[in-house]
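Please read these numbers as outputs of a predicted model, since none were measured by experiment.
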Amino acid sequence: MSTRNEEVDKLVRREYAAGFITDVESDTLPPGLDDDVIRAISAKKNEPAWLLEWRLSAFHHWQTMPTPNWAHLRIEPIDYQAISYFSAPKSKKDAPKSLDEVDPKLLETYAKLGIPLREQEMLAGVAVDAVFDSVSVATTFKGKLKDAGVIFCSFSDAVRDYPEIVQQYLGTVVPPGDNYFAALNSAVFTDGSFVFVPKGVRCPMELSTYFRINAMNTGQFERTLIVAEERATVSYLEGCTAPMRDENQLHAAVVELVALDDAYIKYSTVQNWYPGDENGIGGIYNFVTKRGECRGPRSKISWTQVETGSAITWKYPSCVLTGDDSTGEFYSVALTNNWQQADTGTKMIHIGRNTKSTIVSKGISAGHGQNAYRGLVKVLPSAEGARNYTQCDSLLIGKLCGAHTFPYIEVKTPHAVVEHEASTSKISDEQLFYCRQRGVSEEDAVNMIVNGFCKDVFRELPMEFAVEAQKLLGVSLEGAVG
Amino acid sequence: MLKIENLKVRVAGQEILKGLDLEVNAGEVHAIMGPNGSGKSTLAHVLAGRPGYEVTGGSALYEGRDLLAMAPEERAREGVFLAFQYPVEIPGVNNVYFLKAAINAVRRHRGEQELDAMDFLALVKERIKLVELDESLLNRSINEGFSGGEKKRNEIFQMAVLEPKLALLDETDSGLDIDALRVVAAGINALRSPDRAMVLVTHYQRLLDYVKPDVVHVLSAGRIVKSGPPELAKELETRGYDWVVQEARSA
Ligand SMILES: Nc1ncnc2c1ncn2[C@@H]1O[C@H](COP(=O)(O)OP(=O)(O)O)[C@@H](O)[C@H]1O
Ligand SMILES: [Mg+2]
């Protein structure tokens, strides 16, 4: 490995000699994207040569790809040369000195969500040098995981400490050239999370919240890889209910899951990035590629997501059901309010025999929000006995929002059962008046109806997340009616 | 308790109530009868504060306060209850969970402690007997898939739990078979009290065989055109409404 690093160093230096202007020691690369920038990222992270090659080939592929055509999204063209692709953690100079300097609206939201002060400071980016309580908690966590044989670390650490495992699995579920944003991510990703659960190990805890703080500044191009070996089980929680400030408008993460024989991976997300203001100004573009492969027989992958944030969300957590008798699940709540746009859904690719998939999608639109469900169920000729059940419901609040459903079904074997149910409903004035006539405020009434609508998905969330998610929907919908 | 004077209300640009007077005291039960489309539901809705009704004149005082200036939920918390003619279905919202939210909204408003789950459940189990409603309906979504009779009984059950001061019952008897009508009437009678006023809106007099009103009013073309003792209902049953309307015109 060390020889590889030397090679990289040499390479980088040579590039610099050729006119590359950035100082290797500096924390931030200037905006722009070319081979040199990718070499610099790789060098800063002391990556092995194979990974640099991997990045470069992804980049070259990306350059040949047309920008995606957004059927149902209104989107300004993105200038990829205007983005800085590497920046070390933000300098504390520009950060707010205390919560007093933070946007009161943001603080109000934190308070409503019941987020502790310490965490509020973190989330709002306040420059604090305090040692967090969570650090010691995290250490205890790490000890337990280590005893169980579970590897859970940053992606960079994994590249350094477990390069063989990373190399074995990276890009095997989401190939570098899979789509425009996956290719971009493969070229320039800076960090992310890595989980490896060895044979027969049941991960002793939810991999969750404590780490959300530590994992926060992983940047706009995150890379996550989770591998569960034979009979291994793991539940991973991503995200945070608090709206996070972030100057990076574009987020393009890639998440890959691999489940070997009889393994089970449960991946839960609560996403609440800044959606932009009431007029649709600002807000994050969230273009994520999430895919899991049930590689071994009888394995299972379950995605659960609650999406309330971002100006534009484009994501389709998917399952490739390669192993016989494997199972894929997708449970989703996506909420769009004000001017938010979401185009989400899933793909279930049935390859193995007797593979099963379940899709439950709940879309909520309020304000001028536009919510699209796009789902693909593909059953290949090899997937005899495959079954899919899809339920896709939309709830409209107000008259200006929209819901769209695009189910694609491709079945290539006569021995498969595919069921699809869809509904669209509205919160009616009559319902709201009924509730108010019983003394329940309009806001509480909307929350009750929305929570009822989302029940089937919330049930799939780990307990602590379910409670947070419920509160989150309430806060996100404030002012949606009336 | 309730004093309405010269109330004028427009709906969708059309005047429906055209100067209505009505006074109801605590402990009294008033029946409001009248032909279809005469404005009975409009009256009930405007008193409960349903949006979309434009008050163009007159007043309605509730316990001396301007009822029409209050938000619908405030009226409810102050003790005004409307049993709907067509109770709406609310999928996904648990019937009993909703009722708990409702009663606690009322209690908070009064500065009382919220009921905990145990006390609430005890209350519910006691009151549901009043209307002989199946307990399994408690854990269903509000009115979803309820039969017509179950919906009406659910309204009276909610009233029994919420214990309003002024109850407006809009055609609670319509769509009930005779057995259900008896049950609902018994429930209503059980809730009669010296502190509570009730306004029964009905098209037929058969409910009044079971719930004896103190006063019967006839609403026609947006006004109360005749008021009288319970016997007036019987007369309306046999003679119809036309003669009252004629009488009012010639007066
Ligand atoms: N939302 C509305 N829009 C238009 N017309 C209405 C509306 N609500 C009631 N009306 C009209 O007002 C009149 C009285 O209706 P309503 O109060 O329901 O009568 P009742 O309950 O006595 O049968 C009817 O002519 C009805 O068509
Ligand atoms: Mg009516």
Engaged part of [X] at the chain A interface, taking heavy atoms whose separation is under 4.5 Å:
| X | answer |
| --- | --- |
| B/Pro164 | neither |
| B/Glu89 | backbone |
| B/Asn143 | side chain |
| B/Leu99 | neither |
| B/Leu82 | both |

Gap between atom CE of A/Met448 and atom CD1 of B/Ile90 - 0.5 Å precision
9.0 Å
Tell me whether the count of non-hydrogen atoms from other residues, nucleotides or ligands lying under 6.0 Å of [atom1] in [X] goes above 12.
| X | atom1 | result |
| --- | --- | --- |
| A/Tyr389 | OH | yes |
| A/Lys356 | NZ | no |
| B/Arg192 | CZ | yes |
| A/Lys455 | NZ | yes |
| B/Phe120 | CZ | yes |
| A/Lys426 | NZ | no |

Is there side-chain contact between [X] and [Y], with at least one heavy-atom pair below 4.5 Å?
| X | Y | value |
| --- | --- | --- |
| B/Pro91 | A/Gln431 | yes |
| B/Phe98 | A/Cys435 | yes |
| B/Arg50 | A/Arg436 | no |
| B/Glu73 | A/Val440 | no |

Please confirm whether the backbone N or O of A/Gly439 pairs with a side-chain atom of B/Arg77, one donor and one acceptor, at under 3.5 Å?
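Answer holds: yes.
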Ring centers of B/Phe84, A/Phe433 separated by less than 6.0 Å
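For B/Phe84 and A/Phe433, the ring centres are under 6.0 Å apart.
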Please name the pair of heavy atoms, one in B/Ala76 and one in A/Gln437, separated by the smallest distance, quoted to 0.1 Å.
CB-O, 2.9 Å
Is A/Cys454 in contact with chain B via its backbone, its side chain, both, or neither, using a 4.5 Å heavy-atom distance?
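When you check distances to chain B, no heavy atom of A/Cys454 falls under 4.5 Å.
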Looking at A/Asn447, A/Asn451, A/Ile449, which one forms a side-chain contact (heavy atoms from CB on, under 4.5 Å) with B/Val93?
A/Ile449
